[in-house]
Number of protein chains: 2
Amino acid sequence: MVISKTCGYAIRGVVFLSLDQNRTKKIGIVEIAEELQIPQHFLSKILQNLVNKGLIYSVRGPHGGFFTKEPILKTTILDIVKIVDGLSVLKKCFLGREECSSENPCPMHDEFESCREGIFDTFRNKTIGDLVQGVESGETTLSGIA
Amino acid sequence: MVISKTCGYAIRGVVFLSLDQNRTKKIGIVEIAEELQIPQHFLSKILQNLVNKGLIYSVRGPHGGFFTKEPILKTTILDIVKIVDGLSVLKKCFLGREECSSENPCPMHDEFESCREGIFDTFRNKTIGDLVQGVESGETTLSGIA
DNA sequence: ACAATAAAAGACAACAGCGTCTTTTATTAT
DNA sequence: ATAATAAAAGACGCTGTTGTCTTTTATTGT
Ligand code: FES
Ligand code: FES
């Protein structure tokens with residue numbers, strides 16, 4: 001729709017690991033995938049990527065798993081989108097032309113530009129901490145299973 | 001990004017056929033594809049689909065081609081999106097959960113819902129005639145080649 | 001040291017979106 | 001009737017996304 005499914009999985013994974021109740025411990029991929037209803041090995045690769053980028057952490061072996069550190073709460077959605085999808089997803093022409101350009105706009109450009117700005121702002125301003133808060137307060141859920 | 005590339009091609013194709021200078025005549029796929037910089041046979045199938053749905057028309061043989069009739073100008077972008085992509089594209093959960101639901105929202109739901117409403121409104125209100133007008137006035141272009 | 005554990009890594013499969021190429025069918029003009 | 005034309009239809013290939021499965025590597029506890 002806007003970001004890839006993979007990127008959505010990444011965001012949900014990071015938020016889950018950043019919940020108050022989880023941030024102190026390491027959690028195995030089996031539990032995370034089960035909780036979020038995401039294919040295990042697929043999510044595994046996604047989180048591995050985030051580990052490589054230094055956004056989250058992991059240790060192998062018994063009692064190992066994935067975990068986050070406190071600064072993660074300041075991480076913005078944009079940071080994750082950058083890593084997983086890249087920014088090009090926000091720069092394409094709405095009507096599938098080669099390039100989106102304000103100098104030579106397509107018929108939907110203006111309408112779309114404002115919408116895109118809105119999304120970009122949201123990405124830039126929303127932090128993992130914000131999303132964690134929503135889940136902690138019970139207003140939102142990560143799994144989709146009520 | 002939001003709609004498929006295919007759908008963008010469809011919209012551009014219909015708008016092109018609906019320009020004042022084109023609406024009176026039939027235009028061959030070679031010329032349309034050339035003008036819009038879209039792969040010919042691919043665009044061909046897309047337009048064929050629109051013909052089957054009764055949105056545009058075509059005749060085969062010498063001096064045949066694709067053409068539109070006047071009521072096309074009242075057609076909304078939403079009408080085309082419905083035909084090409086379907087409405088499901090506007091109903092997916094932003095974070096890749098099984099379903100988007102207001103009763104059981106994901107952490108990005110509210111932010112995204114307002115953005116989605118904006119897109120939906122645009123789709124509902126913008127007509128082919130509106131886009132034609134932009135192109136006719138020289139404010140916007142279809143090809144992307146200045 | 002050794003066995004158990006869990007992430008990391010690799011290979012591979014299914015699928016959809018996008019695109020190309022060829023053959024068929026309908027229409028027109030001669 | 002016949003030939004030329006152009007859309008319609010079909011087959012196929014490429015690529016990126018999504019997902020599954022197996023093997024390897026690092027860590028821990030005994
Ligand atoms: S030129 Fe099409 S969205 Fe900007
Ligand atoms: S539940 Fe995720 S966007 Fe609505």
Side-chain angles (χ1 to χ4, degrees), chain A residues 1-13 17 25-34 36-68 81 83-86 88-89 92-93 95-98, chain B residues 1-13 17 25-34 36-68 81 83-86 88-89 92-93 95-98:
Chain A
M1 172 69 197
V2 178
I3 58 176
S4 69
K5 209 167 183 178
T6 300
C7 190
Y9 287 170
I11 295 171
R12 283 163 63 203
L17 289 173
K25 57 187 176 186
K26 301 176 194 100
I27 307 182
I29 189 65
V30 176
E31 183 181 345
I32 305 174
E34 166 71 20
L36 301 181
Q37 293 289 107
I38 298 173
Q40 181 194 134
H41 293 92
F42 187 39
L43 181 59
S44 173
K45 284 187 194 310
I46 297 169
L47 295 187
Q48 276 167 36
N49 180 28
L50 298 181
V51 169
N52 287 333
K53 299 290 162 48
L55 198 75
I56 65 176
Y57 308 88
S58 67
V59 293
R60 306 196 229 197
H63 303 112
F66 295 89
F67 63 101
T68 58
V81 172
I83 290 175
V84 180
D85 282 346
S88 67
V89 76
K92 290 184 190 157
C93 169
L95 292 185
R97 293 188 342 177
E98 287 304 319
Chain B
M1 172 71 197
V2 176
I3 59 176
S4 69
K5 209 166 183 178
T6 300
C7 191
Y9 287 170
I11 295 172
R12 282 163 63 201
L17 289 173
K25 57 187 177 186
K26 301 175 193 103
I27 307 183
I29 189 65
V30 176
E31 184 181 344
I32 305 173
E34 167 69 20
L36 302 181
Q37 293 289 106
I38 299 173
Q40 180 193 136
H41 294 92
F42 188 38
L43 180 58
S44 172
K45 285 188 193 312
I46 296 169
L47 295 186
Q48 277 167 36
N49 180 30
L50 298 181
V51 169
N52 287 335
K53 299 290 161 48
L55 197 74
I56 65 177
Y57 308 88
S58 66
V59 293
R60 305 198 230 195
H63 303 113
F66 294 91
F67 63 100
T68 58
V81 172
I83 290 175
V84 180
D85 281 348
S88 67
V89 76
K92 290 185 192 157
C93 168
L95 292 185
R97 294 188 343 177
E98 286 304 319

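To find a chain, count down the sequence lines: A is the first, B the second, and so on, and within it residues start at 1.
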Problem set entry | Listed partners of B:Ser44 passing side-chain hydrogen bond (donor to acceptor under 3.5 Å, both in side chains), at least two apart | B:Gln48
Pairwise N/O distances under 3.5 Å, protein to nucleotides 12-15 of chain D:
none

For this session: May I ask you to verify if any side-chain N or O of A:Thr6 is less than 4.0 angstrom from the OP1 or OP2 atom of D:dT18?
Result: yes
Exercise. B:Asn49 and B:Lys53: side-chain donor and acceptor closer than 3.5 Å?
Worked result: yes
For this session: Examine the base of D:dG10 for any acceptor or donor lying under 3.5 Å from a partner atom in the side chain of B:Lys45, and report the outcome as yes or no.
Result: yes
Exercise. Over how many whole Å does the gap from B:Lys92 atom NZ to D:dT18 atom C1' extend?
Worked result: 12 Å
For this session: From the options D:dT28, C:dC18, D:dT18, select the nucleotide whose nearest atom is closest to the side chain of A:Lys5.
Result: D:dT18
Exercise. Do any of residues 51-60 of chain B sit with a heavy atom less than 4.0 Å from DNA chain C, and if so which?
Worked result: B:Arg60
For this session: Nearest whole angstrom, please: distance from the C1' of D:dG19 to the CG of A:Asn49.
Result: 16 Å
For this session: Assign each of A:Gly61 and A:Ile3 to its nearest nucleotide of DNA chain D by heavy atoms, then name whichever residue's nucleotide is nearer the 5' end.
Result: A:Ile3
For this session: Describe the nucleic acid contact of B:Ile27 in one word from base, sugar-phosphate, nothing, applying a heavy-atom distance below 4.0 Å.
Result: sugar-phosphate
Exercise. Counting side-chain heavy atoms from C-beta on, which of C:dC18, D:dT20, D:dA4 comes nearest to B:Pro62?
Worked result: D:dA4
Exercise. So, is B:Tyr9 close to the C:dG19 phosphate, meaning a side-chain N or O under 4.0 Å from OP1 or OP2?
Worked result: yes
Exercise. Whole Å only: how far is the NZ atom of B:Lys26 from the P atom of C:dT27?
Worked result: 12 Å
For this session: Determine the contact category for A:Ser4: base if any of its heavy atoms lies under 4.0 Å from a base atom, sugar-phosphate if only primed atoms, P, OP1 or OP2 are that close, otherwise nothing.
Result: sugar-phosphate
Exercise. Is B:Ile3 close to B:Val84 at the side-chain level, that is, under 4.5 Å between some pair of heavy atoms?
Worked result: no
Exercise. Within this structure, what is the CD1-to-P distance between A:Ile29 and C:dA9, rounded to whole angstrom?
Worked result: 14 Å
Exercise. A:Gln40 has an atom CD; how far is it from atom C1' of C:dA6, in whole Å?
Worked result: 10 Å
For this session: Return the minimal non-hydrogen interatomic distance between A:Phe66 and A:Leu17, and the atom names on each side.
Result: O-CD2, 3.6 Å
Problem set entry | Partner residues of A:Val59 under the side-chain contact (heavy atoms from CB on, under 4.5 Å) criterion, sequence neighbours left out | A:Lys26, A:Phe67
For this session: Please state how far atom CD1 in A:Ile46 lies from atom P in D:dT20, giving the value in whole angstrom units.
Result: 11 Å
Seminar exercise, completed: Heavy atoms of B:Asp85 and B:Ser4 approach each other most closely as OD1-OG, 2.6 Å
Exercise. How would you list, by chain and number, every residue that makes a side-chain contact (heavy atoms from CB on, under 4.5 Å) with B:Gln40, sequence neighbours excluded?
Worked result: B:Ile29, B:Val30, B:Ala33
For this session: Only counting residues at least two apart or in another chain, list the ones meeting ring-ring contact (aromatic ring centres under 6.0 Å, His included) with A:Tyr9.
Result: A:Phe42
Problem set entry | A:Ile38/A:Ile32 under side-chain contact (heavy atoms from CB on, under 4.5 Å): CA gap, chis, key distance, verdict | CA-CA 8 Å; A:Ile38 298 173; A:Ile32 305 174; over 6 Å; no
Problem set entry | Rounded distance in Å - CD1 (B:Ile38) to P (C:dG19) | 9 Å
Problem set entry | Side-chain heavy-atom pair B:Lys92, A:Lys5 within 4.5 angstrom cut-off | no
For this session: Can you tell me the distance, in whole Å, between the NE2 atom of A:His41 and the C1' atom of D:dT24?
Result: 13 Å
Seminar exercise, completed: Contacts of B:Gly64 and A:Cys7 projected onto DNA chain D by closest heavy atom; the upstream (5') one is B:Gly64
